[in-house]
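One-based numbering, in listed order, for ligands and for the atoms of each. Since the structure is predicted, the reported quantities are computational estimates derived from the model, not experimental observations. Side chains included, hydrogens not; waters and symmetry mates left out as well; all remaining heavy atoms used.
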Amino acid sequence: MVKVVAEQIPASTKRTPLLVLGVFEDEVEGIRNQLDGINSMTVELVDRVIKEKEHTGSFGSICIVHCFTGPIQRIMLLGLGQRASLDNEKVRVLAGKASAKAMEINVTEYSIKPFTQLTKVLTEAICEGTCLSLYKFDQYQSQKNGESSYSSSLLTISLLVDGNREEWQSVLDTTRIIVDAVNFGRDLANLPPNECSPEYLARVALDLSSKHQRISTRIIERYEMESLGLNGIVAVGMGSNKPPKLVIIEYKGNENSSIAGPYLFVGKAVTFDTGGISIKPSDRMDEMKFDKSGGCDVIAIMSGLANLEVKANVIGIVPCVENMPSSSSYRPGDIVRMYNGKTVEVINTDAEGRLILADSIAYGIEKYNPNSIIDLATLTGACIVALGSNIAGALSNSPELFNKLRLISEKTNEKFWQLPLYTEFNEQIRSKFADIKNIGGRAGGSITAAIFLSNFVNETPWIHLDIAGTAWTQEGTWDKSYNPKGATGFGIRSLIRLVIAESGSR
Ligand code: BES
Ligand code: MN
Ligand code: ZN
């Protein structure tokens with residue numbers, strides 16, 4: 001396991017196989033100030049590399065200089081680009097490049113000097129970039145590099161700080177737990193669909209409750225869903241011989257308030273989405289194993305909150321189904337009576353996510369009366385068309401809640417963009433034979449999907465996050481050191497930090 005520790009020690013006296021130093025492109029000479037106290041031979045070598053423009057400080061470039069003597073074996077010059085354009089996202093990316101390079105050259109530990117005046121957000125970014133980029137999903141590869149989701153070769157990373165060591169260490173510790181939650185979510189979402197069934201996810205959620213006193217997990221089985229009237233989930237699950245599971249995870253971190261407050265998180269977990277009878281084209285259908293990403297995110301968030309011992313009460317609901325074509329599948333033309341009593345005409349069985357989310361949201365509201373609801377779902381291909389593969393769609397009935405999340409996402413850099421929820425869009429999902437239908441035509445596909453969901457939300461403040469483009473690396477994904485191939489765990493960092501901010505703990 002990787003450890004990130006804050007150390008209050010001058011860089012020149014730290015005994016380390018590798019010292020990482022940032023170099024600004026517009027201040028390359030500034031590297032001199034960072035070499036204070038380091039032996040003259042090493043300084044001379046770094047000087048040469050700079051003078052001969054072997055290293056220019058251009059963003060993300062790396063040059064490794066070996067030192068003949070002294071406690072430092074090597075120096076990594078890491079290009080930071082222009083000083084004025086360095087922000088916390090760039091720091092996150094740079095920290096990720098440094099750790100990936102360190103792993104590549106087989107050092108087991110290294111030290112890193114903060115690139116600029118250290119702040120809380122910057123410390124978080126360094127820790128996130130470092131640990132998120134070391135993630136690798138290689139458990140199915142015979143010749144793997146790591147023993148778990150992390151490389152086993154890198155052990156300790158020291159952040160060389162001035163001032164209060166404990167203060168920075170506690171920021172690092174909190175961030176480490178959040179990063180572990182992200183990598184846990186990635187591990188789940190990356191699982192192949194033959195391994196990861198609805199039952200598998202239910203087992204994972206149950207394991208959380210055995211591990212954590214403050215978590216209790218409940219699984220609603222298909223027969224129970226039938227008698228409760230959770231027919232949207234039942235309908236989507238009918239085509240598969242793997243029965244659907246409704247996973248409910250309660251985290252009680254605050255004894256003094258009702259279990260409901262403050263948040264209800266709902267995550268779509270379609271363990272594989274073939275489209276059902278309205279079957280998808282086979283091209284890249286393998287990627288539909290990632291259709292469980294929203295649900296995996298929610299499971300990981302609950303685990304992270306428990307590990308952090310956040311003083312808040314949060315409910316996670318994860319409807320788990322496999323969407324398959326078979327003689328027992330639901331069909332286009334079916335009319336389903338949903339949990340809240342509304343009837344839905346199924347026009348396309350590939351618009352399954354909204355059916356399972358709608359029931360989950362309606363059930364969550366009735367059962368828990370939450371203060372706020374946020375759902376995460378790989379809901380529409382239209383969202384990728386509208387916003388690309390790096391920005392999630394966000395639709396909300398509450399400017400206040402939306403703004404809270406927006407402020408958090410400016411720090412985490414999990415980007416989303418608002419799409420409108422005008423009630424006029426309801427006309428597009430009006431059905432001839434039922435109350436509403438499950439698709440609204442080509443125009444505004446992500447909006448009509450969210451409008452569908454809005455029919456199952458009451459006045460409770462709610463945000464729907466469409467993570468179809470951002471849940472895994474795909475065509476158009478920006479190359480980032482800290483998002484290795486596969487599931488990204490998009491949303492986990494922001495939602496955990498939102499609960500932390502709201503609860504005032506940590
Ligand atoms: N899981 C898909 C959405 C999706 C597609 C996410 C591609 C990421 C990449 C969802 O269940 C779906 O199939 N949506 C349909 C809706 C349509 C039938 C109205 C879509 O987007 O095509
Ligand atoms: Mn679908
Ligand atoms: Zn789907």
Problem set entry | Ligand-residue contact atoms, ligand 1 with Ala468, heavy atoms, under 4.0 Å | 6 (C), 8 (C)

For this session: Please work out whether any backbone atom (N, CA, C, O) or any side-chain heavy atom from C-beta onward of Lys268 is under 4.0 Å from ligand 1, and answer side chain, backbone, both or neither.
Result: side chain

Exercise. Which heavy atom of the protein is the closest neighbour of atom 16 (C) of ligand 1, given with residue, atom name and distance?
Worked result: Arg354 NH2, 3.8 Å

Problem set entry | Geometric class of the Phe452/Phe456 ring pair [parallel <30°, tilted 30-60°, perpendicular >60°] | tilted

Exercise. How long is the span from the CD1 atom in Ile500 to the CG atom in Leu495, to the nearest 0.5 Å?
Worked result: 11.5 Å

For this session: Using a strict cut-off of less than 4.0 Å between a Lys/Arg side-chain nitrogen and an Asp/Glu carboxylate oxygen, indicate whether Lys404 and Glu502 qualify as a salt bridge.
Result: yes

Exercise. What residue and atom, counting heavy atoms only, is the protein's closest point to atom 12 (C) of ligand 1, and at what distance?
Worked result: Asp350 O, 3.2 Å

Problem set entry | Candidate list Leu206, Thr217, Ile315, test side-chain contact (heavy atoms from CB on, under 4.5 Å), partner Ile249, passing option | Thr217

Exercise. Salt bridge or not for Asp173 and Arg176, using N-O below 4.0 Å?
Worked result: no

Problem set entry | Residue and atom name of the nearest protein heavy atom (relative to atom 21 (O) of ligand 1), distance in Å to one decimal | Gly381 N, 2.7 Å

For this session: Please determine if Glu89 and Lys480 form a salt bridge, counting it only when a charged side-chain N lies under 4.0 Å from a carboxylate O.
Result: yes

Problem set entry | Ring center gap for Phe290 and Phe272 short of 6.0 angstrom | no

Problem set entry | For atom 10 (C) of ligand 1, the protein heavy atom that lies nearest, with its residue and separation | Leu379 O, 3.3 Å

Exercise. Counting only heavy atoms, which portion of Trp472 has something under 4.0 Å from ligand 1: side chain, backbone, both, or neither?
Worked result: side chain

Exercise. Going by atom types alone, do Thr175 and Glu124 pair a side-chain donor with an acceptor below 3.5 Å?
Worked result: no

Exercise. Rounded to 10 degrees, what angle sits at the Zn ion (ligand 3) between Glu352 OE2 and Asp291 OD2?
Worked result: 100°

Seminar exercise, completed: Within 4.0 Å of some non-hydrogen atom of Asn348, the atoms of ligand 1 are 18 (C)

For this session: List every atom of ligand 1 that sits less than 4.0 Å from any heavy atom of Glu352, numbering the atoms from 1 in the order shown and giving each element.
Result: 11 (O)

Exercise. Is a side-chain donor-acceptor pair under 3.5 Å present for Asp273 with Asn323?
Worked result: yes

Exercise. Nearest protein heavy-atom contact for atom 2 (C) of ligand 1: which residue, which atom, what distance?
Worked result: Asp273 OD2, 3.6 Å

Exercise. Of all the non-hydrogen atoms in the protein, which one sits nearest to atom 19 (C) of ligand 1, and at what distance?
Worked result: Ile439 CG2, 3.4 Å

Exercise. Do ligand 1 and Thr378 have nitrogen or oxygen atoms that lie under 3.5 Å from each other?
Worked result: yes

Problem set entry | Asn413 versus Lys415, side-chain donor and acceptor atoms under 3.5 Å | yes

Problem set entry | Top protein contact for atom 7 (C) of ligand 1, by heavy-atom distance | Met288 CE, 3.5 Å

Seminar exercise, completed: Distance filter < 2.8 Å from the Mn ion (ligand 2), protein N/O/S hits 4

Problem set entry | Vertex the Zn ion (ligand 3), rays to NZ in Lys268 and OD2 in Asp273 - rounded to 10° | 170°

Exercise. Looking at Glu195 and Lys242, does any basic side-chain N land under 4.0 Å from a carboxylate oxygen?
Worked result: no

Exercise. Are Glu221 and Lys245 ion-paired here, with the side-chain N under 4.0 Å from a carboxylate O?
Worked result: yes

Exercise. Is ligand 1 less than 4.0 angstrom away from at least one heavy atom of Asn323?
Worked result: no

Problem set entry | Parallel, tilted or perpendicular: rings of Tyr263 and Phe265 (30°, 60°) | parallel

Exercise. Run the side chain to side chain contact (heavy atoms under 4.5 Å, CB included) check on Val266 and Leu376 step by step: do they pass?
Worked result: CA-CA 6 Å; Val266 180; Leu376 289 151; over 6 Å; no

Exercise. In terms of residue, atom name and distance, what is the protein heavy atom nearest to atom 1 (N) of ligand 1?
Worked result: Asp291 OD1, 2.8 Å

